[in-house]
Amino acid sequence: MPLVTRVTDLIGRTPLFELAATTTGTRLLLKLEPFNPTGAAKIRMAREMVLDAERRGLLTSGGHIIESTSGNTGLGLAVVAAERGYRFTAVVDHHACKDKLRAMRAMGAELVFVADDGDDNLATSAREDLAEAMAAARPDAYFTEQHNNDTNAVGYYAVAEELLEDVERVDILLSSVGTGGSLFGTATRLRQLGCPAYVIGVEPVGSIAFGGEGGPYWQSGTGTPPGATIGTAVDYSLLDEGVKVSDVAAFATARAVAKELGLMIGGSAGGSVHAALSRLEEFPAGSTIVTIVCDGGEKYLDTVFDDDWMRERDLLDPAAEDDVRAMLHRYVPAGRRSELAEAR
Ligand SMILES: Cc1ncc(COP(=O)(O)O)c(C=O)c1O
């Protein structure tokens, strides 16, 4: 790695980690995006959106960036804004992880909270409406509008390029869908590079991008809650399958992976890993499956990894964790995982 002079020079070249493999040579690989600055994938698209706005003359020196964020996009924009001399306002809600909010503030971002409606529903559409109204009222402000910004997906082209530097091919790309930028941006570039992977999107039960009934869910950053608009980055023409994972299964997976392997992944990645592990042997023998781990478990110590928080919401399910641990025992050789407590 050459000497770097900007924090954003540290984006990318994240490690690829083999989580699991079957005896028939099918393997599940994790693209570990927590190794980016801010500990998340979203800084890739945050930089891309700002550079694009500069190129188009929409942001000029001393300008003001506004975005609605569940946290990780805001962290990325806070870095880019600090580095390039912009003011940044993040429109957030009470669901955001406290540490993400504190870190945004530490980097000079201003936080504006949408009104707390007192229930457990995500406030995505209220956030977006407020961000849009704030930007409209300020002539120097630019609303990056991640849900409807074409450069969101372009920000992940490098993920595909990095993957093909590390492995010969990706047969199945299986990952969570919030704005859709990370999954569909990576899938688009894989295709352009001659590697048309089978694309499986994962969203929480209660999210509406793949149909079905909407409802509340706790997986952070991912999915489209009822009432929110599905962003233009969700490219259904590239989607081969959309699957849903419950909060219980997603969080049990993040917790089991931490206990078994010492690898801390966030709740949305827990959902994708659960979807992949549960059907690993259904995929054609020898398949290479890749999941993008958007962020790390360290961001969820007060939630997913806190037994009281989990219990209060009826999400703690030792049997579900045991099921995941059993899958990990099946697919991860001894010597790479915990052997202290044999799973069922
Ligand atoms: C933790 C987490 N997982 C998944 C996603 C979904 O990524 P995308 O918006 O690229 O679909 C996000 C997006 O904010 C996120 O913060």
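Every number for a ligand or one of its atoms is a count from 1 in the order of the listing.
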Under a 4.0 Å N-O cut-off, is there an ion pair linking [X] with [Y]?
X    : Y    : result
D323 : R325 : no
E110 : R105 : no
D9   : R6   : no

Quick one: which of K31, K42, K100 gives a salt bridge (Lys or Arg N to Asp or Glu O under 4.0 Å) with D295?
K100

How far is atom 5 (C) of ligand 1 from its nearest protein heavy atom, and which residue and atom name does that atom have?
G221 O, 3.5 Å

For atom 16 (O) of ligand 1, the closest protein heavy atom turns out to be N72 ND2, 3.0 Å

V177 to ligand 1, any heavy atom closer than 4.0 Å
yes

Ligand 1 contact by G180, heavy-atom criterion under 4.0 angstrom
yes

Given that the side chain starts at C-beta and the backbone is N, CA, C, O, which of these parts of [X] lies under 4.0 Å from ligand 1, counting heavy atoms, or is it both or neither?
X    : answer
T179 : both
Y300 : side chain
A233 : neither
S182 : both

Where ligand 1 meets [X] - atom numbers and elements under 4.0 angstrom, heavy-atom basis:
X    : value
K42  : 8 (P), 9 (O), 10 (O), 13 (C), 14 (O)
C294 : 1 (C), 2 (C), 3 (N), 4 (C), 5 (C), 12 (C), 15 (C), 16 (O)
D295 : 1 (C)
G181 : 10 (O), 11 (O)

Taking only residues two or more places apart in sequence, or in another chain, which ones meet D247 in a salt bridge (Lys or Arg N to Asp or Glu O under 4.0 Å)?
none

Report the C-alpha separation of E48 and N152 in whole Å, then their side-chain angles, then the decisive distance to 0.1 Å, and conclude whether the side chain to side chain contact (heavy atoms under 4.5 Å, CB included) test is met.
CA-CA 7 Å; E48 201 63 38; N152 175 351; over 6 Å; no

Under 30°, 30 to 60°, or over 60°: which ring-plane class applies to W218 and W309, parallel, tilted or perpendicular?
perpendicular

Hey, is CG on D307 packed in by over 12 heavy atoms from elsewhere, all under 6.0 Å?
yes

Just go through S268, G178, G231 and tell me whose heavy atom is the nearest to atom 11 (O) of ligand 1.
G178

Contact list for residues 176-202, test salt bridge (charged side-chain N to carboxylate O under 4.0 Å, His left out), sequence neighbours left out:
E161-R189

